[in-house]
Trainee: 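Quick one: this structure, given as structure tokens, is what I'll be asking you about.
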Amino acid sequence: MGNETEALHILIVDDEQDIREGSQRILTRIGFEVSLASRGDEALEKLADTQAAILLLDLKMPGMDGMDVLARVKKKYPDVLVIVITGYATVETAIQAMKQGAYDFISKPFEPDQLRIIVNRAAEKFRLKTKAQQLAREQRRTLSDLATEQSRIRTVVESLPNGVVVTNNDGQVALMNPAFRQLMGLNVDFEFGQPVDAYIQDPELCELVMDISKGKYIDYEDIPSYEFSLNDETYLLAEAQPIIGRKNQCLGAVVNLVDITSMKVLDRMKSEFVAKVSHELRSPLSTIHEQLAVVINDMVEVTPKNDRKILARAKEKTHGLISLIGDLLDLSRIEEGVICTEPQPVKVDELLESIIQFLQAQAKSKNQTLKLETQATDLPPIQADPLALESIFGNLIANAINYSQEGGDITVRIDMAGINLRVKVMDTGFGIEEKYMDKIFERFYRVKNEKTRFITGTGLGLPIVKELVTSLNGFIDVESVSGKGSVFTVLLPAGDIDS
Ligand code: ADP
């Protein structure tokens with residue numbers, strides 16, 4: 001139907017040629033597009049082809065009567081505004097035409113100005129009406145788009161196999177899906193709107209969700225994923241994130257819950273299997289190792305040199321296997337939580353002193369210096385199993401010796417960092433490339449390069465260290481520069497711990 005920038009189309013229907021053409025001139029000059037018809041039927045035909053906005057209609061024409069034309073136009077083209085041209089001030093006909101739906105009228109004879117005013121008024125009315133219709137259409141479309149979008153998202157969330165719960169920034173539940181209800185054992189009548197702890201039975205997770213909802217986490221990466229179990233039967237992994245609004249404000253939190261029970265069961269089975277196999281292998285291997293030692297000891301000078309070499313290698317390999325089994329059994333014990341069952345106060349500086357004394361010979365054999373630095377006096381003891389601490393620092397210091405060249409320096413420093421006891425094991429050795437930094441804590445991972453090729457190991461030392469530090473509620477970190485050296489930092493909470 002045309003818009004504001006387009007010229008509106010006007011159809012003039014009059015049997016008098018002068019009026020037709022005169023009006024056409026006046027209206028074309030002020031920017032309208034004009035077409036002409038001299039009869040009613042011709043006018044109806046032209047209306048079908050042109051998109052006329054306004055019809056100037058003479059009521060007195062031969063053939064089809066103007067009133068008739070008006071009735072048909074109103075029926076077929078209700079948006080077209082009809083201005084009737086009445087002959088010689090016949091007010092009555094004008095009124096009748098208005099009743100039939102004409103928009104306005106003009107009486108013959110008329111001045112050009114009169115025509116301009118009346119047609120401009122009609123044009124304005126037409127434009128406003130078209131605009132309003134367009135706005136209404138757009139609004140209908142946006143609303144229906146929105147409604148479709150919302151129901152689409154709702155359907156997706158409802159059908160997710162993971163449990164999803166959304167809170168507002170007061171930590172009240174605003175949305176949850178059927179999987180969440182099922183995992184939490186909530187029936188269908190359980191309504192939204194209550195604080196999250198009414199829905200999730202784990203206080204620590206609720207606290208985390210509350211903190212996220214209230215915008216306490218700015219950096220997503222700082223948000224820990226959280227594992228918990230329901231009645232020791234179902235294990236769940238929760239991952240939560242803040243919902244950030246357009247103005248960067250925190251609107252609440254969204255939590256995704258995944259059932260990891262089957263993974264946990266598999267993991268447990270795998271650990272039990274490893275523990276069992278390791279256990280079964282240990283005694284025959286130890287026997288072979290001992291017997292090899294006896295045979296080598298008893299060998300006489302005349303035994304061929306090659307035989308002695310072969311047996312010595314076999315003994316070395318069995319020793320490697322025994323230490324691998326030892327590490328595997330240690331890991332299983334840590335996983336079962338056996339290794340830290342009886343914590344007692346341990347003076348870590350004294351413990352480090354004795355480990356260093358024990359490993360001093362090994363360092364000396366590589367012309368390395370190995371020393372302990374303590375600045376603080378009276379360091380508080382750590383509540384822990386002494387064997388666990390020995391394993392942590394023994395492994396780190398042995399690594400520092402192993403992965404440093406002849407003549408390197410190894411320094412163990414102990415001090416306090418806030419409420420934590422901090423131990424740094426620093427070496428001037430091979431260092432670790434950035435890309436291996438996380439990998440070295442994975443089981444069996446060993447960096448293989450020219451320098452480490454001939455160093456024997458199991459790749460289980462650091463995983464054991466990490467498990468033990470975590471079980472003591474501590475933290476381990478490594479900084480290293482390839483070719484320059486490494487610093488392993490362990491933080492352990494001083495004072496009472498609950499585990
Ligand atoms: P292992 O020493 O038995 O190989 P670990 O788990 O203790 O197993 O260490 C894994 C890997 O990390 C090592 O193979 C080594 O490449 C690297 N690494 C550990 N400590 C150091 C260190 N102080 N300097 C350089 N590399 C190290």
Side-chain angles (χ1 to χ4, degrees), residues 271 274 278 282 285 316-335 339 352 355-356 358-360 362-373 387-414 422-471 474-491:
S271 302
V274 171
S278 310
R282 190 162 60 170
L285 259 179
E316 199 184 299
K317 290 285 170 199
T318 48
H319 179 73
L321 283 174
I322 290 167
S323 60
L324 170 65
I325 285 168
D327 281 353
L328 284 172
L329 286 172
D330 273 355
L331 263 178
S332 333
R333 276 199 290 267
I334 298 166
E335 275 173 355
I339 206 144
L352 287 173
I355 299 174
I356 286 174
F358 180 74
L359 291 172
Q360 202 60 257
Q362 207 177 317
K364 278 225 169 76
S365 72
K366 290 178 82 178
N367 287 321
Q368 294 166 336
T369 63
L370 169 59
K371 60 176 188 299
L372 177 69
E373 273 183 13
L387 282 180
L389 292 174
E390 209 175 293
S391 178
I392 295 172
F393 299 114
N395 261 304
L396 292 178
I397 300 170
N399 275 353
I401 296 172
N402 276 337
Y403 300 104
S404 292
Q405 68 288 20
E406 290 261 330
D409 296 316
I410 294 134
T411 309
V412 182
R413 184 180 296 156
I414 179 165
R422 176 169 56 191
V423 179
K424 281 179 184 277
V425 179
M426 305 179 276
D427 64 57
T428 54
F430 307 149
I432 305 155
E433 281 179 69
E434 177 76 39
K435 60 181 173 190
Y436 301 128
M437 224 71 117
D438 287 334
K439 289 218 174 326
I440 54 170
F441 290 98
E442 287 172 14
R443 291 178 189 190
F444 299 109
Y445 193 86
R446 307 198 65 222
V447 179
K448 292 210 176 75
N449 58 33
E450 274 308 303
K451 287 179 180 147
T452 59
R453 255 177 67 191
F454 299 106
I455 302 168
T456 50
T458 59
L460 288 173
L462 288 179
I464 289 178
V465 170
K466 182 143 190 177
E467 291 266 359
L468 286 172
V469 171
T470 311
S471 73
F475 178 77
I476 179 162
D477 188 30
V478 55
E479 290 160 276
S480 186
V481 180
S482 186
K484 288 254 158 68
S486 313
V487 180
F488 284 80
T489 305
V490 175
L491 293 177

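Here, residue 1 is the first one in the sequence, and each next residue gets the next number. Ligands are counted one by one from 1 in listed order, and the atoms in each one are counted from 1 as well. None of these values were measured; they are calculated from a predicted model. In what follows, every heavy atom counts, from backbone to side chain, and hydrogens, waters and symmetry copies are set aside.
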Trainee: If the contact criterion is a heavy-atom separation under 4.0 Å, does Gly429 count as touching ligand 1?
Mentor: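 Flag not set, Gly429 not near ligand 1.
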Trainee: Does the side chain of Thr489 pick up a donor-acceptor pair with the side chain of Asp477 at under 3.5 Å?
Mentor: no
Trainee: Give the numbers and elements of all ligand 1 atoms closer than 4.0 Å to a heavy atom of Gly431.
Mentor: 25 (C)
Trainee: State, to 0.1 Å, how close Leu359 and Ala398 come at their nearest heavy-atom pair, and which atoms those are.
Mentor: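 Taking Leu359 first and Ala398 second, the nearest heavy atoms are CD1-N, 4.0 Å.
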Trainee: Can you tell me the protein heavy atom closest to atom 7 (O) of ligand 1 and the distance?
Mentor: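 Protein heavy atom at minimum distance: Asn399 ND2, 2.8 Å.
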Trainee: With respect to Gly457, determine whether any N or O atom, backbone or side chain, lies less than 3.5 Å from an N or O atom of ligand 1.
Mentor: no
Trainee: With only distance considered, is Tyr445 within less than 3.5 Å of ligand 1 through an N or O on each side?
Mentor: no
Trainee: Name the closest protein heavy atom to atom 16 (O) of ligand 1, giving the residue it belongs to and the distance to 0.1 Å.
Mentor: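 Protein heavy atom at minimum distance: Val447 CB, 3.2 Å.
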Trainee: Write out the residue and atom name of the closest protein heavy atom to atom 5 (P) of ligand 1, then the distance separating them to 0.1 Å.
Mentor: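 I find the closest protein heavy atom is Leu462 N, 3.6 Å.
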Trainee: What is the closest protein heavy atom to atom 12 (O) of ligand 1, and at what distance does it sit?
Mentor: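 In this structure, atom 12 (O) of ligand 1 has Ile440 CG2, 3.2 Å as its nearest protein heavy atom.
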Trainee: Nearest protein heavy atom to atom 21 (C) of ligand 1, by residue and atom, and its distance?
Mentor: Tyr403 CD1, 3.7 Å
Trainee: Output yes when the distance from some N or O of ligand 1 to some N or O of Ile432 is under 3.5 Å, and no in every other case.
Mentor: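 No; every N/O pair is 3.5 Å or more apart.
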Trainee: Which protein non-hydrogen atom lies closest to atom 23 (N) of ligand 1, naming both residue and atom, and how far is it?
Mentor: Asp427 OD2, 2.9 Å
Trainee: What distance do Thr456 atom OG1 and Glu316 atom CD have between them, rounded to the nearest 0.5 Å?
Mentor: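 Atom-to-atom, Thr456:OG1 and Glu316:CD are 7.0 Å apart.
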Trainee: Provide the number and element of each atom of ligand 1 under 4.0 Å from a heavy atom of Gly459.
Mentor: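 Matching atoms, with element in brackets: 1 (P), 3 (O), 4 (O), 6 (O), 8 (O).
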Trainee: Would you check if Tyr403 and Asp427 make a side-chain contact, meaning some heavy-atom pair closer than 4.5 Å?
Mentor: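 No. Closest side-chain heavy atoms not under 4.5 Å.
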Trainee: Look only at interatomic distance and state if Thr452 has a nitrogen or oxygen under 3.5 Å from any nitrogen or oxygen of ligand 1.
Mentor: no
Trainee: With a 4.0 Å cut-off on heavy atoms, is Tyr436 in contact with ligand 1?
Mentor: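 It does not, in that no heavy atom of Tyr436 comes within the 4.0 Å cut-off of ligand 1.
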Trainee: Between Leu468 and Ser391, does a side-chain contact (heavy atoms from CB on, under 4.5 Å) hold up when you go through it step by step?
Mentor: CA-CA 8 Å; Leu468 286 172; Ser391 178; 3.6 Å; yes
Trainee: To the nearest 0.5 Å, what is the distance between OG1 (Thr411) and CD (Glu373)?
Mentor: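 These two atoms lie 5.5 Å from each other.
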Trainee: Below 4.0 Å from ligand 1: does a non-hydrogen atom of Pro463 turn up there or not?
Mentor: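 Yes, that is the case, since the closest heavy atom of the residue is under 4.0 Å from the ligand.
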Trainee: Roughly how far, to the nearest 0.5 Å, is CG of Leu324 from NE2 of His319?
Mentor: 11.5 Å
Trainee: Heavy atoms only: give me the nearest Gly429-Ser404 pair and the separation to one decimal.
Mentor: CA-OG, 3.3 Å
Trainee: Yes or no on side-chain contact (heavy atoms from CB on, under 4.5 Å) for Arg413 and Met426, after CA distance, side-chain angles and deciding distance?
Mentor: CA-CA 8 Å; Arg413 184 180 296 156; Met426 305 179 276; 3.6 Å; yes
Trainee: Please identify which atoms of ligand 1 are closer than 4.0 Å to at least one heavy atom of Gly461.
Mentor: 5 (P), 6 (O), 7 (O), 8 (O)
Trainee: Pick one of side chain, backbone, both or neither for how Ile455 approaches ligand 1, counting any non-hydrogen atom pair under 4.0 Å.
Mentor: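 For Ile455, there is no contact with ligand 1 at all, from either part.
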Trainee: Just verifying a value: how many Å separate Lys484 NZ and Thr428 OG1, rounded to the nearest 0.5 Å?
Mentor: 11.5 Å
Trainee: Can you tell me the protein heavy atom closest to atom 4 (O) of ligand 1 and the distance?
Mentor: Arg446 NE, 2.5 Å
Trainee: State plainly whether the residues Glu467 and Arg443 are in salt-bridge range, i.e. N to O under 4.0 Å.
Mentor: yes
